[in-house]
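First the structure, in the form of structure tokens, and then the observations on it.
Naming convention: chains lettered A, B, ... in sequence-line order (proteins, then strands); numbering from 1 in each chain. The model shown is predicted, which means the values in this text are computed figures rather than measured ones. Just so it is clear, the values below take in all heavy atoms, side chains as well, and ignore hydrogens, waters and symmetry mates.
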There are 2 protein chains.
Amino acid sequence: MDRNALAIRIRDAGFRATKPRLLLLSHLYKSKSPQSIAEIAAALKTSVNQVTVYRIVDTFKKAGLVRELDLRQGRPRYELADLNHHHHVICVKCGRIEKFTGCESKRITQKALTQTKGFGQITSHSLEFFGLCNSCIKRGHHIPVS
Amino acid sequence: MDRNALAIRIRDAGFRATKPRLLLLSHLYKSKSPQSIAEIAAALKTSVNQVTVYRIVDTFKKAGLVRELDLRQGRPRYELADLNHHHHVICVKCGRIEKFTGCESKRITQKALTQTKGFGQITSHSLEFFGLCNSCIKRGHHIPVS
DNA sequence: CTACCTGCAAACGGTTTGCATTGCC
DNA sequence: GGCAATGCAAACCGTTTGCAGGTAG
């Protein structure tokens with residue numbers, strides 16, 4: 001995605017297309033896995049202050065451009081919200097992350113709404129799988145299923 | 001669950017049945033929703049130091065007695081791990097929490113394993129739904145579906 | 001031009017750690 | 001009695017805030 005298209009996306013969301021925002025959005029488009037604040041800040045180190053990274057991510061999250069994920073690694077990770085709907089599998093040993101699709105959210109959302117008498121609307125969901133990647137299994141790691 | 005049964009559970013897990021541990025485990029058995037560290041500490045305020053709450057929760061989590069949840073409320077919540085398998089619906093406005101069952105984890109786990117070539121074992125998953133409870137809907141709140 | 005943004009430094013607050021004391025087993 | 005566990009205080013560190021200067025529109 002070129003600089004101009006990024007600027008348009010940012011302006012469409014109601015913000016000024018500043019250099020830090022362009023760089024951050026560009027970085028997320030280039031990333032194959034969800035990024036932590038520290039990773040984003042490191043990638044943009046020479047051009048963007050880490051406090052600004054916090055602020056932009058927060059802004060983009062509230063605007064719906066960016067989604068926050070908890071992959072049980074202590075701090076959140078962020079990815080673009082406009083990608084095809086997907087979820088992740090995370091290796092609990094080495095942190096490797098892969099995507100998968102097909103969460104059947106409609107069916108499960110319906111179940112959730114049927115069972116929870118106090119709720120009338122579901123707006124989003126989180127779903128992540130945790131396990132062991134093949135190379136960690138080869139290295140002899142094993143984790144009891146819970 | 002009486003004091004003696006709690007002590008047995010704790011010893012079976014390999015720990016000493018101290019007063020703080022008995023009180024904390026008892027509190028979780030009595031709680032209908034997942035508890036934050038602050039809530040646990042407040043409930044046991046007169047008898048248990050908050051630092052001890054952190055330590056016990058961490059210990060129990062590692063031992064598999066307690067499960068940690070991210071309900072997008074800034075800090076984690078904890079519940080007993082030996083309850084029937086279930087997930088939660090959380091009101092993004094008021095924080096109300098309800099349970100539901102039937103996540104079809106086997107089917108989705110199979111999908112995840114099939115699609116992620118680098119993974120050989122799934123050990124656990126997280127799944128939470130976010131939405132609006134009926135009373136917040138009545139009060140006029142509305143959130144765009146993402 | 002001016003309201004929105006950013007950088008820097010300092011504050012914040014949840015969580016962790018060090019260490020002396022306590023109390024299960 | 002001995003080692004695990006707790007309490008207290010202090011450190012830690014990711015995140016937030018205040019404010020002065022910069023910049024997009």
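A cation-pi arrangement, defined by a distance under 6.0 Å to the six-membered ring centre and an angle within 45 degrees of its axis, is present between A/Arg72 and A/Phe130.
Judged by distance alone, with hydrogens and angles left aside, the side-chain atoms of A/Gln110 form no donor-acceptor pair with the main-chain N or O of A/Arg107 at under 3.5 Å.
Not a single donor-acceptor pair, N or O on each side, falls under 3.5 Å between the base of C/dG13 and the side chain of B/Arg75. A/Arg16 contributes a side-chain N or O that forms a donor-acceptor pair with the base of C/dC4 under 3.5 Å.
The CG atom of A/Leu44 sits 12 Å away from the P atom of C/dT6 (whole-angstrom rounding). One interatomic measurement links the two molecules: NZ of A/Lys62 to C1' of C/dC4, which rounds to 15 Å at whole-angstrom precision. When the C1' atom of C/dT16 is taken as reference, atom CD of B/Gln50 falls 12 Å away, rounded to whole Å. If you take CG of A/Leu23 and P of D/dT23, they are 14 Å apart, rounded to a whole angstrom. In this structure, B/Ile56 atom CD1 and C/dT16 atom P are separated by 14 Å, rounded to whole Å.
Contact annotation: A/Tyr54 does not reach the phosphate of D/dT16 (side-chain N/O to OP1 or OP2, under 4.0 Å). Between B/Asn49 and D/dT6 there is no side-chain polar atom (N or O) within less than 4.0 angstrom of OP1 or OP2.
Taking the side chain of A/Thr18 as heavy atoms from C-beta on, and the options D/dC8, C/dG7, D/dA24, the nearest nucleotide is D/dA24. Relative to the side chain of B/Arg21, the nucleotides D/dG25, D/dT6, C/dC5 differ in distance, and D/dT6 lies closest. Checked against D/dT15, D/dT6, D/dG25, the side chain of A/Ile37 finds its nearest nucleotide in D/dT15.
Nearest approach of B/Asn49 to B/Val51, heavy atoms of both residues: OD1-N, 2.7 Å.
Checked against the 6.0 Å centroid criterion, the rings of B/Tyr78 and B/Phe60 do not qualify as a close aromatic pair.
Comparing B/Pro76 and B/Lys19, the nucleotide of DNA chain C nearest to each residue sits closer to the 5' end for B/Pro76. Map B/Arg11 and B/Asp58 each onto its nearest nucleotide of DNA chain C; the residue landing nearer the 5' end is B/Asp58. With the nearest nucleotide of DNA chain D identified for both B/Pro20 and B/Val51, B/Pro20 has the one nearer the 5' end.
Within the nucleic acid shown, B/Ser36 has no heavy atom closer than 4.0 Å to any nucleic acid atom. Within 4.0 Å (heavy atoms only), A/Ala38 reaches no atom of the nucleic acid at all. Within 4.0 Å of B/Arg55, counting heavy atoms only, lies at least one base atom of the nucleic acid.
Here the straight-line distance linking atom NE2 of B/His125 with atom CD of A/Glu128 works out to 11.5 Å at 0.5 Å rounding.
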